[in-house]
Amino acid sequence: MEVKQIVSHMFGSNCYILSCREESAVIDPGEYSAELDSALGEIDYRLKYILLTHTHFDHMYGARKLKEKTGALLCVHELDIPGLTDYSLNIGYTGMKFCKNADISLSDGQILKLGSEEIKVIHTPGHTVGGVCFLTGDMLFTGDTLFAGTIGRTDFMGGSYTDIITSLRRIDALGDDLTIYPGHGPATTLKTERENNPYMGHMDNDSYFM
Ligand SMILES: [Zn+2]
Ligand SMILES: [Zn+2]
């Protein structure tokens with residue numbers, strides 16, 4: 001699986017293009033930027049899926065235009081689908097237009113095929129109620145659940161600190177090591193986060209409670 005990262009300069013969110021053989025998917029098109037458009041041009045606008053880690057505006061504002069241009073299927077966890085149309089859930093500005101419906105309602109453990117590879121849906125609530133991570137090979141796309149050195153906010157509607165900590169335990173158990181591609185900021189690894197991220201639960205208490 002090939003990965004290309006495109007940062008939205010409008011929102012500071014990360015968009016990723018995954019490609020395997022002739023098939024491609026986009027994760028979290030926060031913004032339909034010129035950079036995203038030219039990257040899509042390189043794959044002749046052949047896009048199978050638009051995958052959302054969650055339905056906050058900064059991860060899906062570009063999805064409507066992306067869908068119009070490519071006809072790709074919009075995939076959202078069933079519990080985050082209300083966030084497509086509810087502005088109190090997606091924390092968008094009124095006037096921003098989003099896709100109104102998902103084409104595929106995702107649930108935990110679901111497998112999506114891309115080329116000869118698979119993308120697995122891992123339900124990781126806490127930042128939003130229907131937040132997910134996408135696992136393919138040794139790569140994990142974590143949205144706003146896990147960042148390098150920290151985690152996503154849990155004070156938005158549908159957020160839960162207890163749930164995000166449980167979700168981090170699930171991520172921890174996914175393997176010895178994975179490359180982590182978060183929704184904001186630089187990529188990291190699961191090993192690095194076990195060592196440096198206080199929320200992962202592996203550090204001594206007094207090393208971070210200052
Ligand atoms: Zn978010
Ligand atoms: Zn975000």
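Ligands are counted one by one from 1 in listed order, and the atoms in each one are counted from 1 as well. Heavy atoms only: backbone and side chains are in, while hydrogens, waters and symmetry mates are out.
Looking at Arg153 and Asp144, no side-chain N of the basic residue comes within less than 4.0 Å of a carboxylate O on the acidic one, giving no salt bridge.
Partner of Arg194 under the side chain to side chain donor-acceptor pair (under 3.5 Å) criterion, out of Thr189, Asp177, Asp172: Asp172 alone.
No side-chain donor-acceptor contact under 3.5 Å links Thr142 and Thr145.
His127 places no side-chain N or O within 3.5 Å of a backbone atom of Ile164 that could act as its donor or acceptor partner. A donor-acceptor pair is defined here as one N or O able to donate and one able to accept, closer than 3.5 Å; such a pair exists between the side chain of Asp80 and the backbone of Thr55.
When distances from the Zn ion (ligand 1) to the N, O or S atoms of His127 are compared, NE2 comes out shortest.
Shown here is Arg169, whose CZ atom has more than 12 heavy atoms of other residues, nucleotides or ligands within 6.0 Å.
Residue-and-atom listing of protein N/O/S atoms under 2.8 Å from the Zn ion (ligand 2), sorted by chain and number: Asp58 OD2, His59 NE2, Asp144 OD2, His184 NE2.
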